[in-house]
**Q** 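Handing you this structure, nothing more for now.
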2 protein chains.
Amino acid sequence: MKIGELSKKSGCSIQTIRYYEREGLLLNPNRSEGNFRLYDSKALKQLEFVKHCRSLDISLNDIKRLIELKNKPEESCSSVNALIDQQLALVNKRMKELRALKAELQQMASACGSDNTIEACGIIKSLDS
Amino acid sequence: MKIGELSKKSGCSIQTIRYYEREGLLLNPNRSEGNFRLYDSKALKQLEFVKHCRSLDISLNDIKRLIELKNKPEESCSSVNALIDQQLALVNKRMKELRALKAELQQMASACGSDNTIEACGIIKSLDS
DNA sequence: ATAGATCCTATAGTAACTATAGAGTCAAAT
DNA sequence: ATTTGACTCTATAGTTACTATAGGATCTAT
């Protein structure tokens, strides 16, 4: 299949696919006579792996490491484990930040009487302090 | 005061201060004879306003809008309100995403028996599906 | 006078894409 | 046989909010 079909099947945009290739996350595909990229179902699977990792917010760099690890099936999976743990730590950290954020934003929203002037607005006041 | 002192007092890096100025978030400061930026305490307050907004993850563009609104003290604050509500919606959306993320990552982490080969690793398996 | 700290501008790099320009290729209809 | 339209190619620039660097200029203290 050509890149357009791969794009539809994977849900990744054409540009993103080419970008992943440039970044070394996908193998260089065979080319047709007219230099079009030609993919098989294995390539689709690779792309889906990348997409799944991205949906977990794993960085392209870490995905690259995971792909390398996948290609060493006999080694210990402790590095895979570590990577996932680290990803979890990131997510937890960001969630904590967002909880604090949310609390302050909610407080600000409630500090605004409905029909104030900007001058009297509790929101602007709290941003100023 | 010069930019180094403003940087220390505000906790923003010198480059960030200059960047905010370029982006129109800070007024162009007076300059010394040797072309050094000179700030007063009002400038520090402006910068602190920006910093506080950034700590709430408000985008530079939205901060610009807030600054414009601040300069129209007699108008209604409904746009300020809307902006904060929108920011809250963003935060809520991201939190929801992160909760889903966390759940999947945790499941993956628990799918890995401690001493597997990569080939047998539950994490890689679940990323492959 | 000079050394060191601080400042200046302009430019490039970061992450993970997205968008565009300008050209080439291919399949189908005329 | 040609032309239209859809698709593809590469290379480059833009996005967000900064950070880092190069190559100078300026100021302060000795």
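Numbered from 1 within each chain, the chains take letters A, B, ... in sequence-line order. Note that the structure is predicted; figures quoted are calculated from it, not measured.
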**Q** Between C:dC7 and B:R37, is there an OP1 or OP2 to side-chain N/O distance shorter than 4.0 Å?
**A** no

**Q** For nucleotides 20-23 of chain D, give me every protein contact, N/O to N/O, under 3.5 Å, one pair per line with atom names.
**A**
none

**Q** Among residues 53-67 of chain A, which contact DNA chain D at a heavy-atom distance under 4.0 Å?
**A** none

**Q** Any non-hydrogen side-chain atom of A:S126 less than 4.5 Å from a side-chain atom of A:E104?
**A** no

**Q** Carefully, step by step, assess B:S10 and B:I17 under the rule side-chain contact (heavy atoms from CB on, under 4.5 Å).
**A** CA-CA 10 Å; B:S10 66; B:I17 294 170; 4.3 Å; yes

**Q** Name every donor-acceptor pair, under 3.5 Å, that has one atom in a side chain of residues 56-66 of chain A and the other anywhere in the protein, sequence neighbours excluded.
**A**
| unit_1 | atom_1 | unit_2 | atom_2 | d |
| --- | --- | --- | --- | --- |
| A:D57 | OD2 | B:R94 | NH2 | 2.5 |
| A:S59 | OG | A:D62 | N | 3.1 |
| A:D62 | OD1 | A:R65 | NH1 | 3.1 |
| A:K64 | NZ | A:E23 | O | 3.1 |

**Q** Given atom CD1 of A:I17 and atom P of D:dC7, what is their separation to the nearest angstrom?
**A** 14 Å

**Q** Is a donor on one side and an acceptor on the other found under 3.5 Å between the side chain of B:T117 and the backbone of A:E75?
**A** no

**Q** Just wondering, do B:L127 and A:F49 contact through their side chains at under 4.5 Å, heavy atoms?
**A** yes

**Q** Kindly say if A:R31 contacts the phosphate of D:dT10, meaning a side-chain N or O under 4.0 Å from OP1 or OP2.
**A** yes

**Q** To the nearest 0.5 Å, how far apart are CZ in A:R54 and CG in A:L47?
**A** 12.5 Å

**Q** So among B:I84, B:L83, B:L69, which one has a side chain to side chain contact (heavy atoms under 4.5 Å, CB included) with A:I123?
**A** B:I84

**Q** Just the table, please: protein N/O against nucleotides 27-29 of chain D N/O, every pair under 3.5 Å.
**A**
| unit_1 | atom_1 | unit_2 | atom_2 | d |
| --- | --- | --- | --- | --- |
| D:dC27 | OP1 | B:G34 | N | 3.1 |

**Q** Counting only side-chain N and O atoms of B:Y19, is one of them less than 4.0 Å from OP1 or OP2 of D:dT16?
**A** no

**Q** For DNA chain C, determine which residues of residues 3-12 of chain A have any heavy atom closer than 4.0 angstrom to one of its atoms, and list them numerically.
**A** none

**Q** Measure CG/A:N30 against C1'/D:dC9 and give the value in whole Å, please.
**A** 17 Å

**Q** So does A:E68 pair up with A:K72, basic N to acidic O under 4.0 Å?
**A** no

**Q** Round to a whole Å and report the spacing from OH of B:Y39 to C1' of C:dT6.
**A** 14 Å

**Q** Within residues 83-96 of chain A, which residues have any heavy atom lying less than 4.0 Å from an atom of DNA chain C?
**A** none

**Q** With a cut-off of 6.0 Å (strictly less than), are more than 12 heavy atoms of other residues, nucleotides or ligands near CD of B:Q106?
**A** yes

**Q** Does a side-chain heavy-atom distance below 4.5 Å link A:Y39 with A:K9?
**A** no

**Q** If you draw a 6.0 Å radius around CD in B:E97, do more than 12 non-hydrogen atoms from other residues or ligands fall strictly inside?
**A** yes

**Q** Do the side chains of B:Q46 and B:K42 get nearer than 4.5 Å, heavy atoms only?
**A** yes

**Q** Figure out the CD1/P separation between A:I14 and C:dC17, and round it to whole Å.
**A** 16 Å

**Q** Looking only at heavy atoms, which two atoms of A:R37 and A:P29 are closest? And how far apart?
**A** CG-CG, 3.6 Å

**Q** In whole angstroms, how far is the P atom of D:dT19 from the CD atom of B:E21?
**A** 16 Å

**Q** Any heavy-atom pair between the side chains of B:K2 and B:L38 that's under 4.5 Å?
**A** yes

**Q** Tell me whether the side-chain N/O atoms of A:T16 come closer than 4.0 Å to OP1 or OP2 in C:dT18.
**A** yes

